[in-house]
Amino acid sequence: MSDGVRVRFAPSPTGHLHVGGARTALFNWLFARHHGGRFILRIEDTDRSRSTDANIDLIVDALRWLELDWDEGPPATGYRQTERFELYRAHAERLVAAGRAYYCDCPPAQLDAERKAAEARKETFRYSGRCRERGLAAGALRLRIPAAGATVVQDLVNGPVEFDHRQLDDWILVRTDGTPTYNFCVVADDVDMRISHVIRGNDHLSNTPKQVLCYEALGYPVPAFAHVSMILGPDRGRLSKRHGATSVQAYREQGILPSAMVNYLVRLGWSHGDQEIFTRAELIECFDIKDVSASGAVFDQTKLEWLSQEYIKRSDGARLAALVRPFLAEAGLTAPDDARLAAMLETLRERAKTLREMVEVGRFYFERPAGYDEAARAKLLTPAGAERLGMLVKRLQEVEPFTAAALEALYREMVAAMGLKLVDLAQLTRLAVTGRTASPPLFDVLALLGRDEVLARMRAARVAAAA
RNA sequence: GGCCCCAUCGUCUAGAGGCCUAGGACACGGCCCUCUCAAGGCUGAAACACGGGUCCGAAUCCCGUUGGGGCCA
């Protein structure tokens with residue numbers, strides 16, 4: 001009888017994929033994968049004025065980037081609400097035929113007046129039900145709901161939530177112009193797609209009793225519900241653009257690893273003991289909707305970046321090379337072959353929280369320094385510095401092999417002979433070669449750059465020091 | 001405004017009546033390591049919103065207050 005677990009993510013293509021939506025999608029996906037069920041993508045594009053195909057592409061791209069694959073949905077047809085009006089019409093007719101819905105022709109002005117009157121009495125506005133027994137054949141279609149009693153939403157996250165029917169009214173299923181309303185479409189779609197668990201944002205909890213009544217009127221089983229909390233900004237208000245980036249795409253562009261994004265999102269409102277980092281397989285294994293918290297969670301970019309760095313540290317050079325290439329190209333930098341690039345990135349791994357930062361921090365690998373750090377230049381690129389650079393150039397020309405170990409041995413020998421500390425020659429060299437005072441271990445950098453390139457940069461620095 | 005949801009360190013959270021002198025993680029401070037910067041190790045500071053109950057015993061249960069969020073229009 002049962003189809004097993006069938007869940008869906010149903011975004012409106014009115015913009016990019018918001019991190020809150022991404023987390024909802026993730027929870028649905030994990031729930032489906034954990035239970036060996038089906039994950040369905042449905043596009044809620046009934047708001048034609050704001051829905052665009054470009055936005056659908058954006059959302060699809062973001063889900064793919066996060067590697068949340070769906071078992072049913074676009075590009076297959078039949079998963080966009082605008083393709084499903086026949087379904088809504090059929091269900092509306094069923095409700096009329098069964099006497100569970102009726103037409104209403106109350107003029108908007110009158111409804112407005114009643115609404116204002118209710119507000120004045122400090123009451124919830126409730127449609128009067130004036131047209132209930134009039135047997136009209138046209139107008140707005142309303143659901144007939146019981147005047148007394150209450151509807152209890154059994155929520156997997158919030159527990160049972162009771163809504164008194166006195167707070168509900170005969171809501172509109174289909175507008176006078178024939179367009180179905182959001183809540184009606186959702187019910188018809190979820191029924192049609194045999195959705196077993198509706199996992200969605202908390203902001204839909206208040207609409208749920210209306211929907212439950214609609215399922216019942218239609219004579220269909222009510223799915224299980226799980227309303228997950230929303231993602232908040234630092235001020236505990238709904239996360240919005242004014243708090244900074246809200247789209248998944250923006251984090252992708254920042255160079256956050258998708259695996260880190262998923263790990264961060266899942267831990268926002270869900271936990272498994274003290275564990276912070278999870279592989280995909282562990283997530284599928286451990287995820288349980290009952291461990292999802294009902295309270296809102298503040299989005300913390302800093303922790304996301306920490307996770308991103310953790311994932312970067314766990315990635316090998318080859319993987320990093322593939323991830324970083326687009327960012328190098330975007331920065332206009334020419335990358336070496338895979339093997340060399342991989343070796344370079346391994347020295348950068350512990351020094352970058354994002355792929356973008358990785359390019360920034362390792363820029364010297366791909367182009368000669370455009371200048372020198374000002375303070376360090378004043379301190380190191382002096383006549384005395386020029387003299388030391390001259391000595392270094394001479395020795396670097398002949399050291400064999402040109403490896404990190406041999407270079408370190410050479411430097412240690414030189415500082416000992418000169419009565420200096422390693423740092424004295426190291427920082428001078430670092431500045432000459434990278435233009436900066438901070439870099440990966442110097443001898444690794446020199447070896448990776450190669451003798452010719454190092455000598456060229458040292459000579460250039462010597463010229464700059466002498467000037 | 002009515003209804004609904006929520007409430008543990010700054011943040012994400014563990015905690016399902018005694019295991020809590022409240023644990024972990026991020027961020028922050030200190031120390032160590034060290035050619036720089038990181039990374040790493042050790043370490044410190046930091047929370048049960050408030051008020052009533054219930055109970056031998058409450059962060060945990062109940063009620064209220066306050067605060068935040070949402071839905072409706």
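Each chain gets a letter, A, B and so on, in the order the sequences are listed, and its residues count up from 1.
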Let me spell it out: for each of A/Phe443 and A/Asp164, pick the nucleotide of RNA chain B with the closest heavy atom. Which residue's pick is nearer the 5' end? A/Asp164
Mind checking if A/Glu276 touches a base, just sugar-phosphate, or nothing, with heavy atoms under 4.0 Å? base
With rounding to whole Å, what would you report as the distance between B/G44 and B/C9 at their C1' atoms? 14 Å
Just the endpoints, please: which first and last nucleotides of RNA chain B, 5' to 3', lie under 4.0 Å from a heavy atom of chain A? B/G1 to B/A73
Just to be sure I understand the rule, does A/Arg236 reach a base, reach only the sugar-phosphate, or reach nothing, if contact means heavy atoms closer than 4.0 Å? sugar-phosphate
For RNA chain B, determine which residues of residues 408-416 of chain A have any heavy atom closer than 4.0 angstrom to one of its atoms, and list them numerically. A/Arg412
Can you tell me, in whole Å, how much space there is between the C1' of B/U43 and that of B/G24? 16 Å
Looking only at atom C1', what distance separates B/U8 and B/A58, rounded to whole Å? 14 Å
Could you tell me if the side chain of A/Tyr251 sits less than 4.5 Å from the side chain of A/Val248, heavy atoms only? no
Looking at side-chain heavy atoms only, is the closest gap between A/Arg23 and A/Ser229 below 4.5 Å? yes
Pair partner, B/A39 [Watson-Crick or wobble, under 3.5 Å]: none
So what does A/Glu357 touch, heavy atoms closer than 4.0 Å: a base, only the sugar-phosphate, or nothing? nothing
Please give me the minimum heavy-atom distance between A/Glu398 and A/Lys394, naming the atom from each residue. CG-O, 3.2 Å
Would you mind classifying the nucleic acid contact of A/Thr437 as base, sugar-phosphate or nothing, using non-hydrogen atoms under 4.0 angstrom? base
Suppose you measure atom C1' in B/U34 against the same atom in B/C26; what distance do you get, rounded to whole Å? 25 Å
Between A/Leu173 and A/Cys214, which heavy-atom pair has the shortest distance, and what is it? CD2-SG, 4.3 Å
In the structure shown, which nucleotide is the Watson-Crick or G-U wobble counterpart of B/C71, with both distances under 3.5 Å? B/G2
Classify the nucleic acid contact of A/Ser439 as base, sugar-phosphate or nothing, counting any heavy atom under 4.0 Å across all strands shown. base
Atom of A/Arg377, atom of A/Ala464 and distance for their closest heavy-atom approach: NH2-O, 3.8 Å
Identify whether any heavy atom of A/Lys421 sits under 4.0 Å from a base atom; if not, whether one sits that close to sugar-phosphate; answer base, sugar-phosphate or nothing. nothing
On a whole-Å scale, what distance lies between the C1' atoms belonging to B/G68 and B/G53? 25 Å
Heavy-atom side-chain proximity of A/Asp190 to A/Arg8 below 4.5 angstrom: yes
Just checking A/Arg166: does its CZ atom have more than 12 heavy atoms from other residues, nucleotides or ligands closer to it than 6.0 angstrom? no
Atom C1', compared across B/C4 and B/G10: separation rounded to whole Å: 29 Å
Just wondering, do A/Val445 and A/Arg430 contact through their side chains at under 4.5 Å, heavy atoms? no
Looking at every non-hydrogen atom in both residues, tell me the closest pair between A/Ile289 and A/Ala226 and how far apart they are. CG1-CB, 3.8 Å
Any chance the rings of A/Phe287 and A/Phe278 have centres within less than 6.0 Å? no
Considering every strand and a 4.0 Å limit on heavy-atom distances, what is the contact class for A/Arg115: base, sugar-phosphate, or nothing? sugar-phosphate
Across the strands shown, which category fits A/Pro441 at heavy-atom distances under 4.0 angstrom: base, sugar-phosphate, nothing? base
Pair A/Glu285 + A/Arg280: basic N to acidic O under 4.0 Å: no
Any strand: nucleotide that pairs with B/U11 via Watson-Crick or wobble, under 3.5 Å: B/A25
Heavy-atom nearest nucleotide on RNA chain B taken for A/Lys313 and for A/Lys210; more 5' hit belongs to A/Lys313
For B/G23 versus B/G15, give the span between their P atoms, rounded off to a whole number of Å. 15 Å
Under 4.0 angstrom, heavy atoms only, what part of the nucleic acid is A/Pro209 near: base, sugar-phosphate, or nothing? nothing
Partner nucleotide, any strand, of B/C33 [Watson-Crick/G-U, under 3.5 Å]: none
Watson-Crick or G-U wobble mate for B/C61, both contacts under 3.5 Å: B/G53
Only counting residues at least two apart or in another chain, list the ones meeting ring-ring contact (aromatic ring centres under 6.0 Å, His included) with A/Phe9. none
Sugar-phosphate, base or nothing in reach of A/Gln275, heavy atoms under 4.0 Å: nothing
Need one value for A/Gly201: base, sugar-phosphate or nothing, where a base atom within 4.0 Å counts as base even if backbone is also close, heavy atoms only. nothing
Using the C1' atom in both, what is the distance from B/C61 to B/A16, to the nearest Å? 11 Å
Using a heavy-atom cut-off of under 4.0 Å over every strand shown, decide if A/Arg238 touches base, sugar-phosphate, or nothing. sugar-phosphate
Assign A/Leu268 to base, sugar-phosphate, or nothing according to its heavy-atom contacts below 4.0 angstrom with the strands shown. sugar-phosphate
